[in-house]
Amino acid sequence: MRKSHFKRTLCLLFCLILAISSVACTSQPKVTDGESVAMFKAGTYVGTANAHNGEIKVEVTVDEEAIKEIKILEHNESPGISDPAIERIPQAIIDDQSLAVDTISGATVTSAAIISAVTNALEQADADIDALKVKKEGEETARDTVEETTDVVVIGGGGAGLAAAVSAHQNGAEVILIEKMPRLGGNTILSGGAYNAVDPKRQEAQGIEDSIEKHYTQTYEGGDKLGNTELIKVLVENAYPAIEWLEDLGMKFDDELFTVLGGMWPRAHKPSTPLGTGFIDTYSKYIEENDGIEIILDTEATELMVEDGKVVGVKAKGLKNDMILHANKGVVIATGGFSKNIDMVEENNKDWPSLKDAKSTNHPGATGDGIILAEAVGANFVGMENLQLLPMGDPDTGSLSGNIELSVENRIFVNKDGDRFVDEGERRDVMTKALLEQEDAYMWVVLDHKNYPTPETVNNFNETIEELIEQGRAFKGDTLEELAEKINVDPAKLVKSVEEFNKAVETGGPDAFGRTLFDKKIDTAPFYAGPRIPTVHHTMGGIEINTNAQVVGKDGNIIPGLYAAGEVTGGIHGSNRLGGNALADITVFGRIAGENVAKEK
Ligand code: FAD
C-alpha cells in the first residue's frame, strides 16, 4: 500500500472532517405485503475498494431505515485531484440515500471507488444493493439561466487564470473566475513547482553565474529559434519581478536554486510547500481576504459573447445552471493546454510517432477548450504542432510522481541493458527522442545515497525513497551489482556506465554524450534506480498573443476585449519548452493580462 507523510496527514485530516452525518434525508423502508421491514441491519460496517493508488477504506453507519454516516478511514489518492470526490461523494450518497450518485468529473476513479467501498459495507448490512443503484426518476430539476455582470471574466482557475484575476483586482477591476473542475489548480497545482528566473540574490549566494541574456538565449535556442523574441524578452525580464510579486502576496520559495529536467541551467526556484500548491494557496488567500473576486467552480465556459467585434462576456454551463456572464472590460482565456485531448494532440502531431496510446502527466481538464473558444471568434494560433514529451513518465500512469531524480546534475539514465544513451542534461525533446529508440522505450534513472541523505528527504512529488521502494516503484542496492540484479540489467554494463560518468565528473566533461552538467559522482551506497517512460507533458502551441497578452486574430489585428495567458497560448517556447519556464510564463503573462484587461474602458 502506498504511503507518504503528506498523504497520511491528509488522510487523518479527512478522517476528522469527514464524519458526515445525515440530517434531513429519510428514505422509505421497504414495504412487503403492507408490512414495513428494515432496509438495513443497523450497525457500523467497514467497506473497501481499489482506487487509483491502492485501497480506499470507508466506515458506514446505518440504522434500520437510512444511511446515517460515511467516514473515509483510509486512502492514498492524489491530494488536490481526489479531494472533491472524497468531500462530496459520501455526502451525496447520504443526501440521496442512493448509490446511483454522479461521479465527480476529473476524479471519476476515486468517486467510483468510494461508491464501491460503500456498496461493500452496505452488503454487510443486508441492504438491497440493486434497489439502491436504481437512479431515482423524475428528480431532474429544470436548469435555470443565471445572468451576472462584472468587469472581467477569467476562464480557468490554474496559475495563469488566478494570476490574471488577482492582478486585475489589484488594478481596480471586479472579477468573476470560472473553473470547470470541482477545484482550483489545473496542472499548476500538480506541477513540480520549478520556476525559472535569474535571481540576483539567491544565485549570487550559491556562486551561480547567470544573466537575463543567458536565460533569453537558452529559451530562444532551446525552442529552435521558433519562439517570438518579443514575448521571450517579456518572459525573462519579468520572471524575477513576478517572484517578488508572489512573495509580496505571501508565497515562500527555498533559498537554494537547482536545474530542473531540461531546464539547462540552475535557475529553478522551488516553492517551500509541496508541488504547485504554494501558487494556488497564495492566490486563494488573496481572494479570501479581498472582496471583489468571485470564484465559480464546476462551471465550464462554452462560448465567448461578441458584440460589434468586441468580446463582451462568456456563456457557461454549471452543474445546475447555465450562466451568462457579462464582462464590462473583457475576458481572459486561461484554460491551459491540451495534452489530455488525444484527438487534438494527434491532429497536431507532426514530430512524434503516433501518440494515440501515449500516457500524459496532465490533469483531466487539460482538454484544449480555450483553443475551441478562441477559434470561434477568429483567433490566430501558433506552433500547434509543438508538443512536448518528457522521458520521465511513470510506466503505469504516465504521471511524474515516483520520479526519483532531485537535480539533473547527479543522476544518469540507463536502458534495459544498463547502457547510457543520451546527455541527461539535454533538452527534453532530445532526451525523449533518444529514449524512444531504446528497447521498449523504457529506462532507469540511477543515482546514489547523496541525493537522499536522510529518511525524510523527499523528491519533487513529496515522496521519500523508502516509500517508493515499498511500493515497488524504486529499487535499492548496497552495490551497483546488487542494484543491477534487482532491475534486471547487465551488472557489468551498469558498473561501466557509472564509472564513465564518474570520470567525466572529475574532468568536468564533456563526456562521450556531450554532457557538461555535473556536480557529484555516483559513488556512495546505497544506490537507487526508478523506471521511466515517455509521456505527453506540455503543448507549446496555442492562441497568438502580443506582449500585452491581447489575443491576435487571423487578420493580424487584436480581438478587442479578449486576452489569453498560460499554456493555452503559443509562440513563447517554440518547438521545445525549457523545464521551469512554464510557471514563469503563466505568472508573468497572467499578471500582464490581468493588469491590461483591468485598464480597458
Ligand atoms: P492550468 O494550470 O492547467 O489551468 C487551467 C485551468 O482551466 C484548469 O483548472 C482547467 O480545468 C480550466 N479549464 C479548462 N477548460 C475550461 C473551461 N472550458 N471552462 C472553465 N475552466 C476551464 N512547469 C514548470 O515550469 N515547472 C514545473 O516544475 C512543472 N512541473 C509540471 C508537472 C506536471 C505533472 C505537469 C502536468 C506540468 C508541469 N509543468 C511545469 C507545466 C506547468 O505546470 C503548466 O504549463 C502550467 O501550470 C499551466 O498553467 P495554466 O494556468 O496555463 O493551466
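Below, all heavy atoms of this structure are taken into account, side chains as well, without hydrogens, waters or symmetry copies. Counting starts at 1 for both ligands and their atoms, following the listed order.
Looking at I586 against ligand 1, only its side chain comes within 4.0 Å, counting heavy atoms. Residue contacts with ligand 1, taken as heavy atom pairs separated by less than 4.0 Å, involve D369 solely via side-chain atoms from C-beta onward. Of the heavy atoms in N196, none comes closer than 4.0 Å to ligand 1. Proximity of L583 to ligand 1, defined as any heavy-atom pair under 4.0 Å, is shared by backbone and side chain alike.
Salt bridge status for D281 with K252: absent, with no side-chain N to carboxylate O gap under 4.0 Å. Using a cutoff of 4.0 Å between basic side-chain nitrogens and carboxylate oxygens, E247 and R202 are scored as salt-bridged. With respect to R143 and D322, a salt bridge is recorded, a charged nitrogen being found less than 4.0 Å from a carboxylate O. Here R427 pairs with D429 in a salt bridge; the nearest charged N to carboxylate O distance falls below 4.0 Å. E463 has a carboxylate O that lies under 4.0 Å from a charged side-chain N of R473, or vice versa, which qualifies the two as a salt bridge. Here K180 does not pair with D298 in a salt bridge; the nearest charged N to carboxylate O distance is not below 4.0 Å.
Summary of contacts: the protein heavy atom closest to atom 47 (O) of ligand 1 is T188 OG1, 2.8 Å. Counting protein heavy atoms only, atom 33 (C) of ligand 1 is closest to H537 CE1, 3.6 Å. The protein atom (non-hydrogen) at minimum distance from atom 30 (N) of ligand 1 is G192 N, 3.0 Å. What sits closest to atom 7 (O) of ligand 1 on the protein, heavy atoms only, is G156 CA, 3.2 Å. Regarding atom 29 (C) of ligand 1, its nearest protein heavy-atom neighbour is S191 CB, 3.6 Å. Looking only at protein heavy atoms, the nearest one to atom 3 (O) of ligand 1 is N187 N, 2.9 Å. Atom 9 (O) of ligand 1 has E179 OE1, 2.6 Å as its closest protein atom, hydrogens excluded (heavy atom only). In this structure, the protein non-hydrogen atom closest to atom 19 (N) of ligand 1 is A301 N, 3.0 Å.
Atoms of ligand 1 lying under 4.0 Å from at least one heavy atom of A334, given by number and element, are 5 (C), 6 (C), 7 (O). For ligand 1 and N362, the ligand atoms under 4.0 Å from any heavy atom of the residue are 36 (C). Listed by atom number, the atoms of ligand 1 under 4.0 Å from I178 heavy atoms are 20 (C), 21 (N). Atom numbering of ligand 1 starts at 1 in the shown order; those under 4.0 Å from a heavy atom of H363 are 3 (O), 8 (C), 9 (O), 10 (C), 11 (O). Atoms of ligand 1 lying under 4.0 Å from at least one heavy atom of L400, given by number and element, are 32 (C), 33 (C), 34 (C). Listed by atom number, the atoms of ligand 1 under 4.0 Å from A582 heavy atoms are 23 (N), 24 (C), 25 (O), 41 (C), 42 (C), 45 (O). Below 4.0 Å from some heavy atom of G566 lie the following atoms of ligand 1, by number and element: 52 (O). Remark: ligand 1 atoms within the under-4.0 Å shell around heavy atoms of G365 are 14 (C).
Close N/O approach between G579 and ligand 1 is not found [any backbone or side-chain N/O within under 3.5 Å]. Polar contact check, L190 against ligand 1: no nitrogen or oxygen pair lies under 3.5 Å apart.
Rounding to the nearest 0.5 Å gives a distance of 7.0 Å between CE of M305 and CD of E307. We find the CG-OH distance between L468 and Y452 to be 6.5 Å, quoted to the nearest 0.5 Å.
Of the candidates T335, T361, L390, T367, it is T361 that places a heavy atom closest to atom 34 (C) of ligand 1. Among A194, G161, G542, the residue whose heavy atom lies nearest to atom 27 (C) of ligand 1 is A194. Checking R577, K180, E567, H538 against atom 39 (N) of ligand 1, the nearest heavy atom belongs to R577.
Proximity of L436 to P534: side-chain heavy atoms (C-beta onward) are separated by under 4.5 Å at one or more points. Within the 4.5 Å cutoff, the side chain of L447 has heavy atoms near those of the I404 side chain. Inter-residue side-chain proximity for L261 and R411 is flagged as met; some heavy-atom pair is nearer than 4.5 Å. Put simply, the side chain of Q218 reaches to within 4.5 Å of the side chain of R267, judged on heavy atoms. Inter-residue side-chain proximity for M251 and P271 is flagged as met; some heavy-atom pair is nearer than 4.5 Å.
Residue contacts with ligand 1 do not include A366, since none of its heavy atoms lies under 4.0 Å from the ligand. For the pair T299 and ligand 1, a heavy-atom separation below 4.0 Å is found. Residue-ligand proximity: A316 is placed with every non-hydrogen atom at 4.0 Å or more from ligand 1.
Checked against the 6.0 Å centroid criterion, the rings of Y286 and H169 qualify as a close aromatic pair.
Ring planes of Y283 and W245: tilted class, angle from 30 to 60°. Aromatic ring orientation, Y240 versus H269: tilted (interplanar angle from 30° to 60°).
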